[in-house]
Amino acid sequence: MLFEPAMSAQANWGPIGVSQELNADGLLEQIPVGEGETEQERRVKVSPGGPKIVTADDFETVVLPEPRAAERQAQIAEFYEPHRANEKYPPVMLSVDELNTVSTIEADITTLVTEKIATWIVKGGIEQEWDGYVSQLESIGLSEVLAAYQAAYDRFAEHT
């Protein structure tokens, strides 16, 4: 009974009638918080926690996502999902030469990338500096690192 979907939802977000209610579709839906209280404050007060599991399927058949979560999901679907890669880069094995190339160059690349991200966040200027940044990455050896990873990926793909 602890992991029953409706019980898990109540353990996570609070009891029916206090923080959730059944909507017309039979799904648990968050009751808006009162004036002067945040959802997190109410949740800490009324959600017992403990053993629970809420699956992706439960968000279609048992409980609606919190409004803030639904908003984030909509933003992800609109802005990020269209650009999502179809697959992850697999765990490849680099040769000794590739490893030497990557470890030597990648440290410099990481330093430059981290520095530029911080600068652009604080001061802006990415539009004006982008071409120079790409040139710097190339001069550091980005193409060599990409070639090493590509060769390792090609060997991996050959054997899968």
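The CD1 atom of I76 lies 9.0 Å from the CD atom of E81; values are rounded to the nearest 0.5 Å. Taking CD from E158 and OH from Y153, the interatomic distance works out to 12.0 Å, rounded to the nearest 0.5 Å. Between atom CG of residue D108 and atom CG of residue L137 there is a gap of 11.0 Å, rounded to the nearest 0.5 Å. Distance check: N100 CG to I105 CD1 gives 10.5 Å after rounding to the nearest 0.5 Å. Separating the CG atom in N23 from the CG atom in L28 is a distance of 8.0 Å, to the nearest 0.5 Å. Interatomic distance, N12 CG to E66 CD, rounded to the nearest 0.5 Å: 7.5 Å.
You'll find the side chain of Q73 reaches within 4.5 Å of the side chain of P65, heavy atoms only. Proximity of Q20 to V63: side-chain heavy atoms (C-beta onward) are separated by under 4.5 Å at one or more points. When side chains are defined from C-beta on, K116 counts as touching E129, because their heavy atoms get closer than 4.5 Å. A 4.5 Å side-chain heavy-atom check between V18 and I31 finds every atom pair outside the cut-off. The closest side-chain heavy-atom distance from D57 to V62 is not below 4.5 Å.
Remark: the backbone N or O of K52 is not paired with any side-chain donor or acceptor of S8 at under 3.5 angstrom. E41 contributes a side-chain N or O that, together with a main-chain N or O of T38, makes up a donor-acceptor pair within less than 3.5 Å.
Side-chain atoms of E144 and Y149 form no donor-acceptor pair, as typed in the model, at a separation below 3.5 Å.
Of all heavy-atom pairs between Q10 and P15, the closest is OE1-CA, 3.7 Å. The two residues A11 and S47 have their closest heavy-atom pair at O-CB, 3.7 Å.
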Residue pair E37, R43: steps toward the salt bridge (charged side-chain N to carboxylate O under 4.0 Å, His left out) verdict: CA-CA 10 Å; E37 183 178 40; R43 191 172 179 182; over 6 Å; no
Test log, rule side chain to side chain donor-acceptor pair (under 3.5 Å), inputs E138 and Y133: CA-CA 9 Å; E138 284 301 324; Y133 169 68; over 6 Å; no
Verdict with reasoning, L112 to Q136, per side-chain contact (heavy atoms from CB on, under 4.5 Å): CA-CA 8 Å; L112 177 63; Q136 277 184 286; 3.7 Å; yes
Test log, rule side chain to side chain donor-acceptor pair (under 3.5 Å), inputs T55 and D58: CA-CA 5 Å; T55 67; D58 292 340; 3.3 Å; yes
L27 and L22: CA distance, side-chain angles, deciding distance, side-chain contact (heavy atoms from CB on, under 4.5 Å) verdict: CA-CA 5 Å; L27 297 173; L22 283 174; over 6 Å; no
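Taking hydrophobic clusters as Ile, Leu, Val, Met, Phe, Trp and Tyr residues chained together by side-chain heavy-atom distances below 4.5 Å, L146 shares a cluster with F156. Hydrophobic cluster membership differs between L64 and V46, with clusters built from Ile, Leu, Val, Met, Phe, Trp and Tyr side chains linked at under 4.5 angstrom. A continuous path of Ile, Leu, Val, Met, Phe, Trp and Tyr side chains, each step under 4.5 Å between heavy atoms, connects I121 with I126, placing both in one hydrophobic cluster. No continuous path of ILVMFWY side-chain contacts below 4.5 Å connects F3 to I16, so the two sit in separate hydrophobic clusters. One hydrophobic cluster, built from ILVMFWY side chains closer than 4.5 Å, holds both Y89 and V113.
The pair R42-E39 counts as a salt bridge, with a side-chain nitrogen and a carboxylate oxygen less than 4.0 angstrom apart. A salt bridge between R155 and E98 is present, with a side-chain N of the basic residue lying under 4.0 Å from a carboxylate O of the acidic one.
Heavy atoms from other residues, nucleotides or ligands lying under 6.0 Å from OH of Y80 number 12 at most.
Between W13 and F59, the angle of the ring planes goes over 60°, which puts this pair in the perpendicular group of the 30/60° scheme.
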